[in-house]
Amino acid sequence: MKKILLTAMVILTTAILLTAQDKTTPVCNIGITINNSYSKADSLQAIMKRYVQAGLPGVAMALWNKESGWWAGAEGFASIEQKKAMKNCHLQYLQSISKLYMAVAVMQLREQGKISLDDAITKYLPEKYVRDVRNAAHITVRMLLNHTSGIAEYSTDPAFVSYVMKHPTQKLSTEFVLGTIRGKQPMFTPGTRHGYSNTNYELLAVIGDAVTGNHAAYIAKNIFAKLRLNNTFYRSDPHYLHYINLVDSYWDVLNTGQPANISDIQRANVASYIGDDGIVCTPVDAVEFLKGLNEGKLVSAASFKEMQEWVTGADGKPIYGLGLEFFEAGGIQVFGHSGGGIGAGCILLYVPVAKTYVFISTNLGTLFAGDLPAKADQLKNELLLTILR
């Protein structure tokens with residue numbers, strides 16, 4: 001009996017250690033086979049290396065197209081201080097690309113008959129949040145999705161910014177974040193034009209909680225699990241922003257070309273927001289998500305087409321759909337979403353004319369202007385031009 005008990009304890013202990021290892025040790029399994037013969041691999045790797053030498057801490061990317069299959073590469077450091085080289089298996093911050101995942105969840109709930117896009121948000125939003133929103137009875141779920149609600153932006157409120165600067169490592173509650181807009185004048189009359197506001201997606205997450213009980217758990221089950229995105233995490237447990245494969249974050253706050261490690265601030269900042277931020281994943285998983293969406297694995301063809309009904313910006317050009325951003329460069333039209341924060345920057349795109357999906361990220365803050373953020377933008381453009389050439 002004692003031997004059986006001892007054996008059982010060993011098995012149990014091993015199981016616990018293996019479970020813990022999944023999150024705390026740098027196991028690198030990105031779930032795909034990289035095409036090492038990809039014709040543009042050397043050029044893309046050289047571009048990334050050049051920009052790391054120019055000051056970016058680290059860079060990672062992944063792409064897929066029908067002709068070449070998968071390719072992924074990385075340069076620089078996931079952690080400069082630890083001399084930890086950036087790898088394909090490192091988790092990257094998605095920042096505002098998280099909005100697209102939230103939008104897909106809402107579209108799924110619409111297909112299930114649990115949400116109507118043209119209902120007023122007051123039908124779903126708990127009363128304690130309704131009082132924070134001016135014109136709530138005239139704002140629809142669709143207006144939140146395509147940023148035509150006119151709701152004030154929480155992240156640019158002076159009092160909010162001041163509080164964050166004084167408490168940079170404090171995780172803020174949703175009540176605190178949304179309380180920032182209480183009594184604030186709308187940017188414009190609901191439905192009259194486009195005005196990007198992170199607050200829209202914070203409110204969508206709250207609606208998601210009201211409809212499903214837990215929007216993050218819903219997303220994990222109906223998006224991550226459905227596409228087998230085993231390297232994608234969003235509020236999965238209290239420690240998900242401390243997984244060892246998550247990159248360190250840097251900010252060139254003094255614009256000296258020597259970015260400082262601000263990982264603690266980045267983690268607290270990302271942990272404070274829901275719906276509009278919060279997801280971390282590998283570059284391959286990011287591409288798998290957009291690819292799965294485009295291939296009809298998450299929403300119907302009709303829903304996906306509706307997500308591409310673009311509203312126009314001040315210049316009259318298409319700019320945003322339902323969780324999707326529209327981009328055009330050199331006559332080439334693409335869609336996806338971009339993301340930027342104090343310690344990260346990224347972009348996820350599908351290029352229809354080339355049938356190519358691509359994700360590019362850096363662990364340098366791109367939210368504020370500066371020489372290095374400008375180089376991060378140049379890097380993105382150069383990589384995309386090389387891919388499409």
Check: Ile223 and Leu298 side chains under 4.5 Å, non-hydrogen atoms: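 Result yes, sub-4.5 Å side-chain heavy-atom pair found.
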Note, Tyr129 side chain near Thr174 side chain (heavy atom, < 4.5 Å):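 In short, these two side chains touch, coming nearer than 4.5 Å.
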Are more than 12 heavy atoms from other residues, nucleotides or ligands located less than 6.0 Å from atom [atom1] of [X]?
X: Gln258; atom1: CD; answer: no
X: Lys184; atom1: NZ; answer: yes
X: Asp42; atom1: CG; answer: no
X: Glu67; atom1: CD; answer: no

For Asp277, enumerate each residue passing the side chain to side chain donor-acceptor pair (under 3.5 Å) test, keeping only those at least two apart in sequence or located in another chain.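 With sequence neighbours excluded, Asp277 shows a side chain to side chain donor-acceptor pair (under 3.5 Å) to Gln95, given in chain and number order.
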Evaluate side-chain contact (heavy atoms from CB on, under 4.5 Å) for Tyr154 paired with Tyr273, printing each intermediate quantity in order. CA-CA 11 Å; Tyr154 72 80; Tyr273 310 127; 3.3 Å; yes
Quiz item: cation-pi between Lys291 and Tyr350, 6.0 Å / 45°: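 No cation-pi geometry.
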Using a strict 4.0 Å threshold on nitrogen-to-oxygen distance, state whether Arg228 and Glu288 make a salt bridge.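 No, no charged N to carboxylate O under 4.0 Å.
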The criterion is ring-ring contact (aromatic ring centres under 6.0 Å, His included); which residues satisfy it with Phe188, sequence neighbours excluded?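 Checked Phe188 against ring-ring contact (aromatic ring centres under 6.0 Å, His included); zero matches.
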Checking ring-ring contact (aromatic ring centres under 6.0 Å, His included) for the pair His215/Tyr234: CA distance, chi angles, key distance, verdict? CA-CA 10 Å; His215 81 281; Tyr234 175 53; 5.4 Å; yes
